[in-house]
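Step one of this worksheet: look at the structure below.
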Amino acid sequence: METVPQNTVPQNTVPQNTVPQNTVPQNTVPQNTVPPDTALPTRDAGQTWWVREQIAAERLELAEVLAGLTPEQWNSPSLCGGWRVREVAAHLSTGFRHSTARTLLELARSGGDIHRMADRIARRDAAVMTERELADAMADHADHPWRPPVGGRIAALAHDAVHGLDITLALGLPARLPVARATALLAGVSPRTLRFFGARLDGVRLVATDADWSYGHGPLTVTGRAEYLLAVAYGRRVPEGLLAGPGAGRFTRGG
């Protein structure tokens with residue numbers, strides 16, 4: 001996955017030659033078992049209900065965040081390489097606003113490259129939609145059944161949550177992702193997902209400070225809130241001061 005640029009995106013323009021490679025894909029998050037301490041029900045029906053509830057809550061929370069942003073914040077760089085907050089917000093609601101047939105047509109126009117398609121659509125929609133429309137798109141579709149072709153509802157939750165972190169962490173907003181939601185998504189971290197997102201954890205052990213969760217083996221320990229480690233596991237470099245430990249610099253912007 002593409003490394004997040006270090007404050008190289010101008011506040012009011014978006015580079016036109018940068019295709020973000022760390023957009024959350026719509027087919028890569030496995031439905032692994034969630035640790036029992038995350039408050040996720042154990043039965044399949046209960047899990048489905050819980051994830052749907054979390055998706056709706058995530059979208060409503062993000063809509064509230066977006067509604068409160070200033071024009072400067074809307075045009076600030078996100079953690080998603082090459083995109084401002086505005087492009088991330090547009091990308092978040094693409095699945096609600098575009099039919100499957102239209103998405104397939106857009107994919108064909110992009111030569112079958114899902115990252116190029118996502119970049120082109122996000123830039124186009126961000127340029128024509130108002131801030132109010134971008135925020136309302138999340139609130140109005142809180143219960144929308146959209147989900148990726150593979151990965152199911154947990155992948156839809158990952159898509160919304162990680163891109164939400166692309167916005168809130170980049171803007172220095174307070175932590176907001178519930179621990180149960182973050183750890184349910186961290187349970188899906190695997191060598192395969194790490195490779196896809198370009199998250200290099202060789203020699204590193206991630207340890208959450210607000211949950212009973214850890215991943216990896218190695219002499220370099222990286223500690224932080226579960227939501228910060230979720231961003232790391234999805235190939236992001238987070239702002240300075242959010243992580244601690246001898247390996248923190250590898251995953252910090254400017255580190």
Side-chain angles (χ1 to χ4, degrees), residues 2-20 22-24 54-98 118-142 144 157-178 181-182 224-228 230-232 234-243 251-255:
E2 180 177 306
T3 302
V4 177
Q6 305 302 310
N7 297 321
T8 59
V9 182
Q11 294 293 307
N12 295 303
T13 60
V14 181
Q16 295 305 310
N17 60 353
T18 304
V19 178
N22 56 358
T23 54
V24 179
Q54 293 302 306
I55 291 172
E58 178 68 21
R59 291 173 183 169
L60 291 173
E61 291 162 14
L62 286 176
E64 185 175 357
V65 168
L66 294 175
L69 298 183
T70 66
E72 181 181 6
Q73 289 174 316
W74 275 102
N75 291 305
S76 294
S78 73
L79 296 189
C80 198
W83 281 357
R84 299 169 297 175
V85 168
R86 182 180 298 274
E87 279 74 41
V88 176
H91 175 70
L92 273 165
S93 61
T94 297
F96 316 144
R97 298 180 288 103
H98 293 196
D119 182 64
R120 183 170 56 81
I121 292 176
R123 293 178 190 277
R124 182 192 64 199
D125 292 355
V128 298
M129 295 179 71
T130 66
E131 288 90 346
R132 177 64 181 271
E133 288 172 335
L134 290 170
D136 287 350
M138 297 303 295
D140 294 345
H141 297 91
H144 194 283
L157 178 58
H159 176 268
D160 295 346
V162 174
H163 280 312
L165 293 174
D166 284 332
I167 294 172
T168 57
L169 295 186
L171 294 178
L173 301 180
R176 59 159 198 88
L177 202 62
R181 194 181 303 163
R225 293 177 61 92
E227 69 176 81
Y228 304 157
L230 180 63
V232 168
Y234 276 74
R236 274 60 171 173
R237 288 178 179 266
V238 302
E240 188 176 359
L242 300 185
L243 304 175
F251 309 105
T252 300
R253 302 183 81 177

Steps toward side chain to side chain contact (heavy atoms under 4.5 Å, CB included) verdict (V65, R176): CA-CA 10 Å; V65 168; R176 59 159 198 88; 4.2 Å; yes

[X] versus [Y], closest heavy-atom pair with distance:
X    : Y    : result
L62  : G164 : CD2-CA, 3.5 Å
A135 : A63  : O-CB, 3.5 Å
A226 : A182 : CB-CB, 3.8 Å
I121 : H98  : CG2-CE1, 3.6 Å
E227 : A175 : OE1-CB, 3.4 Å
A122 : A90  : O-CB, 3.8 Å

Atom pair [atom1] ([X]) and [atom2] ([Y]), whose distance is rounded to the nearest 0.5 Å:
X    : Y    : atom1 : atom2 : answer
S76  : R84  : OG    : CZ    : 9.5 Å
R237 : L242 : CZ    : CG    : 14.0 Å
H163 : Y234 : NE2   : OH    : 10.0 Å

Main-chain N/O of E133 paired to T130 side chain as donor or acceptor, under 3.5 Å: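 Here the side-chain-to-backbone pair exists.
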
Between the side chains of R123 and E87, is the shortest nitrogen-to-carboxylate-oxygen separation below 4.0 Å, so that they form an ion pair?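 Not counted as a salt bridge, because no side-chain N and carboxylate O are separated by less than 4.0 Å.
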
Under 4.0 Å between a Lys/Arg side-chain N and an Asp/Glu carboxylate O for E58 and R181?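 Answer for the salt bridge query: yes.
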
In sequence, state the C-alpha distance, the side-chain angles, and the governing distance for H144 and I55, and then conclude on side chain to side chain contact (heavy atoms under 4.5 Å, CB included). CA-CA 9 Å; H144 194 283; I55 291 172; over 6 Å; no

Are the side chains of [X] and [Y] in touch, meaning some heavy atoms are under 4.5 Å apart?
X    : Y    : result
F251 : L243 : yes
D125 : R97  : yes
V85  : Q73  : no

Classify the ring geometry between H91 and H159 as parallel (under 30°), tilted (30 to 60°) or perpendicular (over 60°).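 Ring orientation of H91 relative to H159: tilted.
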
Would L165 and L79 count as a side chain to side chain contact (heavy atoms under 4.5 Å, CB included) if you check the C-alpha gap in whole Å, the side-chain angles of each, and the deciding distance to 0.1 Å? CA-CA 8 Å; L165 293 174; L79 296 189; 5.7 Å; no

Side chains of W83 and D119, donor plus acceptor under 3.5 Å: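 The answer is yes; a qualifying pair exists.
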
I need the single residue from I167, L169, T168 that forms a side chain to side chain contact (heavy atoms under 4.5 Å, CB included) with L171. Which is it? I167

For side chain to side chain contact (heavy atoms under 4.5 Å, CB included), just list the numbers for D166 and R236, CA-CA rounded to whole Å, side-chain angles, deciding distance to a tenth of an Å, and then say yes or no. CA-CA 8 Å; D166 284 332; R236 274 60 171 173; 2.7 Å; yes

Partners passing salt bridge (Lys or Arg N to Asp or Glu O under 4.0 Å) against E131 (at least two apart in sequence or in another chain):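 Result, salt bridge (Lys or Arg N to Asp or Glu O under 4.0 Å) vs E131: R86.
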
